[in-house]
Amino acid sequence: MSEEKSLNFIEEIIETDLNEGKYKSIITRFPPEPNGYLHIGHSKSICLNFGLAKKFGGGTNLRFDDTNPVTEDTEYVESIKEDIRWLGFEWSNEFYASDYFDTLFEYALKLINKGLAYVDDSTSEEIATLKGTPTEPGKDSIYRSRSIEENIHLFNEMKDGKYKDGEKVLRAKIDMSHTNMLMRDPIIYRIKHAHHHRTGDKWCIYPMYDFAHGQSDSIENITHSICTLEFIPHRELYDWLIEKLEIFPSHQYEFARLNMTYTVMSKRKLLQLVNDGHVSGWDDPRMPTISGFRRKGYTPLSIRNFCDKIGVAKRENLIDLSLLEFCLREDLNMTAKRVMSVLDPIKLIITNYEEDKTEMLTSENGPDETLGHRNIPFGRELWIEREDFMEEAAKKWFRLAPDAMVRLKSAYIVKCESFEKDNDGNITAIHCTYIPESKSGQDTSGISVKGTIHWVSVKHAATAEVRLYDRLFKSENPAAEEGDFKEYMNPDSLHIIHNAFIEPSLLTANLEDRFQFIRKGYFCLDKDSTREKLVFNRTVTLKDAWSKEVKKG
RNA sequence: UGGGUUAUUGUGUAAAGGUAGCACUACAGAUUUUGAUUCUGUCUGUCUAGGUUCGAAUCCUAGUAACCCAACCA
């Protein structure tokens with residue numbers, strides 16, 4: 001069996017570059033703009049950039065692309081750093097595009113001096129009109145032929161705050177009839193009298209993305225600058241600027257961004273969900289943000305494995321949420337402690353069990369022996385799951401029903417003798433007898449049953465709030481649907497159970513703990529928990545063969 | 001209608017002219033003190049039409065479809 005995985009196209013490029021001696025080692029970068037929270041799509045980029053450097057021996061810089069002061073904030077800087085660390089990556093350097101504002105200004109001057117940039121007084125409307133369309137060439141601005149001296153003078157005045165926002169811009173002088181719209185004299189500097197989260201009020205002109213990103217890559221000697229597909233048209237400009245500026249030739253490579261079923265991934269849409277109150281915040285467990293997944297109970301390993309499995313290519317994709325859930329369950333199955341919790345309770349009374357007796361039973365904490373064992377109190381009255389009883393047993397029903405036998409997990413086999421109903425026909429209690437010789441671990445009864453159900457002792461049960469999450473959208477691809485994507489939200493994405501019964505061992509749970517509520521799913525403590533009131537989030541359900549059986553009819 | 005990018009099963013991703021493989025999903029079965037896990041098995045694919053070749057997912061020609069580009073956003 002060969003464990004060798006074939007390289008993705010970027011790894012192939014790097015391997016070739018290294019083999020041919022183009023570089024001795026590589027440097028990558030992760031360049032978020034600090035204007036929002038990171039989402040699962042970013043984790044693909046993070047895993048790629050950091051993973052590449054790790055694989056080929058190199059480093060990865062964290063660089064904040066903070067060239068637009070009006071949208072950016074240190075709140076985002078902090079959350080981004082937290083998320084990257086949580087995912088398990090450490091950057092070699094923490095840089096900011098704003099660190100380079102002085103250098104970038106010099107670069108602009110150099111371009112002007114080469115006759116390759118000019119100050120344009122046109123309004124944004126005029127610039128847009130003159131730009132033409134994809135099918136029609138643009139026209140030169142009347143300011144295009146200004147002298148180098150005048151441009152230098154004007155650009156310095158822009159920097160010195162002589163002009164208001166929008167009055168002037170600096171443009172690269174390339175070709176107004178270029179087939180690539182980005183090469184039609186792109187704006188490289190604009191005036192913004194705005195407070196920057198790091199440089200304060202030092203600057204009132206700020207470089208555009210195209211005059212900051214590639215230059216920052218170059219300053220940091222980034223060998224492989226990896227970004228998403230929509231930046232392909234920028235590459236020509238990226239290369240042009242590096243060539244004219246005569247600086248270190250970083251190279252840009254593009255891969256397809258991650259899309260996932262039943263969610264949206266654009267920052268704009270996520271911001272809308274937060275601002276319109278559809279979710280409680282960026283870290284709402286239903287959000288596809290890293291902080292949302294973290295709060296919901298996802299593990300860093302599961303997300304890294306997911307990013308590894310989805311691969312890297314240039315094709316548009318829509319990844320099944322089920323793959324992420326598979327990676328999650330794969331990890332949690334090995335590590336989560338098994339406990340019992342009854343979410344929708346009904347009382348079970350063992351009529352032949354001593355009235356006030358309490359027995360401490362032991363149960364394994366999981367399939368892996370290293371997880372150890374714990375004691376669970378057992379008594380005459382138990383809470384069991386309402387859905388584990390059927391008045392009239394269905395076909396292939398292994399659980400409780402009149403005259404049927406089941407095992408109570410880690411305890412005894414019981415037989416249902418009768419049940420009580422209220423006036424509305426709701427079942428209120430189930431009466432069973434237990435088989436004393438069937439005690440878990442020392443069963444001499446010789447009886448084997450098909451079903452095992454979970455329970456919590458009525459006398460010893462604690463209560464907790466349990467939040468059950470479902471997908472945020474009903475549509476597989478809400479962004480591609482007609483109309484507003486919010487029309488496709490799932491109205492039942494959150495179901496709160498205010499008083500679930502939990503086994504007493506859960507009272508000492510910590511925020512980092514991961515649990516499997518046996519037969520119900522994986523859960524973790526939410527940060528809303530207090531000592532008086534525990535709150536659990538359902539991380540993900542277990543696979544459920546029975547519900548499929550039911551659907552088949 | 002200009003330019004760019006992409007096309008392999010339901011979803012992803014391999015195969016660099018030589019057996020279309022892997023994972024998820026789905027389905028069937030075995031095991032199970034979680035209808036979980038684990039194990040075994042099954043199904044479905046090279047965008048279309050031509051061509052080159054002993055042989056094409058791969059090369060050539062012509063189509064088709066999807067996505068991106070006309071922010072003083074990144």
Side-chain angles (χ1 to χ4, degrees), chain A residues 5-8 12 31-33 35 65-68 70-72 97 120 123-124 127-129 131-138 165-171 178-184 187-192 205-206 208-210 212-213 227-236 254 256 261 267-268 309-327 329-330 333-334 338 340 363-364 366-367 396-399 406-411 413 438 440-441 443 448-454 476 516-521 541-549:
Chain A
K5 238 183 104 184
S6 49
L7 301 180
N8 67 47
E12 278 177 8
E33 183 189 11
N35 69 346
D65 230 332
D66 56 351
T67 56
N68 186 0
V70 302
T71 56
E72 296 153 6
D120 195 327
T123 64
S124 65
I127 289 175
T129 308
K131 197 157 203 171
T133 69
T135 51
E136 304 159 43
D165 287 12
E167 251 183 275
K168 284 181 168 50
V169 291
L170 184 70
R171 293 230 255 172
H178 202 110
T179 52
N180 182 349
M181 298 294 288
L182 276 155
M183 299 296 275
R184 320 244 263 226
I187 293 168
I188 57 177
Y189 259 96
R190 79 288 213 187
I191 300 168
K192 271 181 196 278
I205 57 170
Y206 292 91
M208 297 285 288
Y209 166 84
D210 286 300
H213 199 101
C227 61
T228 47
L229 252 29
E230 65 269 28
F231 289 96
I232 288 176
H234 293 255
R235 190 176 60 225
E236 199 170 9
E254 310 87 7
T261 53
K267 244 183 222 178
R268 206 194 93 247
K309 279 181 206 281
I310 57 178
V312 178
K314 298 185 84 156
R315 185 176 4 161
E316 291 287 338
N317 59 74
L318 183 63
I319 309 277
D320 258 326
L321 173 61
S322 58
L323 181 60
L324 212 209
E325 294 186 337
F326 166 81
C327 295
R329 292 189 184 108
E330 186 183 41
N333 178 50
M334 301 306 292
R338 269 59 171 177
M340 294 199 281
S363 183
E364 75 284 354
K396 295 191 197 165
W397 178 255
F398 303 154
R399 285 116 94 155
V406 294
R407 173 170 292 281
L408 297 169
K409 171 72 183 169
S410 298
I413 292 174
S438 67
S440 187
D443 187 346
S448 74
V449 291
K450 284 279 254 184
T452 299
I453 64 172
H454 59 281
E476 273 210 337
Q516 185 195 103
F517 288 5
I518 288 184
R519 305 207 303 136
K520 298 310 296 182
T541 59
L542 259 26
K543 288 225 276 184
D544 184 358
W546 174 247
S547 71
K548 281 179 191 165
E549 193 66 39

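Residue numbers begin at 1 in each chain, while the letters A, B, ... track the order of the sequences.
- Scanning for side-chain hydrogen bond (donor to acceptor under 3.5 Å, both in side chains) contacts around T129(A) gives an empty result, with sequence neighbours left out.
- Listed candidates were A23(B), G4(B), U13(B). Nearest to the side chain of K309(A) is A23(B).
- Within 4.0 Å (heavy atoms only), V70(A) reaches no atom of the nucleic acid at all.
- Computed from coordinates, the D320(A) CG to G10(B) P distance equals 13 Å when rounded to whole Å.
- Within the 4.0 angstrom heavy-atom criterion, no nucleotide atom of any strand lies near I453(A).
- When each of L408(A) and K314(A) is assigned the nucleotide of RNA chain B bearing its nearest heavy atom, the one mapping closer to the 5' terminus is K314(A).
- Here the side chain of R407(A) is nearest to one of U33(B), G10(B), G35(B), namely U33(B).
- Here the P atom of nucleotide A16(B) and the CD atom of E12(A) are 10 Å apart, to the nearest Å.
- Using a 4.0 Å heavy-atom distance criterion, Q516(A) is classed as a base contact.
- Interface remark: the S440(A) side chain does form a donor-acceptor pair with the U33(B) base, using a distance-only criterion of under 3.5 Å.
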Response to the item:
Letter by letter from the 5' end, nucleotides 68-74 of chain B scores (B base, S sugar-phosphate only, - none; protein heavy atoms under 4.0 Å) SSB-BSB
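- K450(A) comes within 4.0 angstrom of nothing in the nucleic acid, heavy atoms only.
- The listed nucleotides are G35(B), U34(B), A14(B); the one nearest the side chain of W546(A) is G35(B).
- In this structure, R399(A) reaches the bases: a heavy-atom distance under 4.0 Å links it to at least one base atom across the strands shown.
- At a threshold of 4.0 angstrom between heavy atoms, the contacts of S322(A) are confined to the sugar-phosphate backbone, with no base atom among them.
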When you compare the protein's N or O atoms with those of nucleotides 37-48 of chain B, which come within less than 3.5 Å of each other, and at what distance?
{"unit_1": "U37(B)", "atom_1": "O2'", "unit_2": "N333(A)", "atom_2": "ND2", "d": "2.9"}

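- One can place CZ of R184(A) at 14 Å from P of G4(B), the figure rounded to the nearest angstrom.
- Between W546(A) and W397(A), the ring-plane angle classifies as perpendicular under the 30° and 60° cut-offs.
- Atom CG of D544(A) is separated from atom C1' of U25(B) by 16 Å (rounded to the nearest Å).
- Within 4.0 Å (heavy atoms only), G138(A) reaches no atom of the nucleic acid at all.
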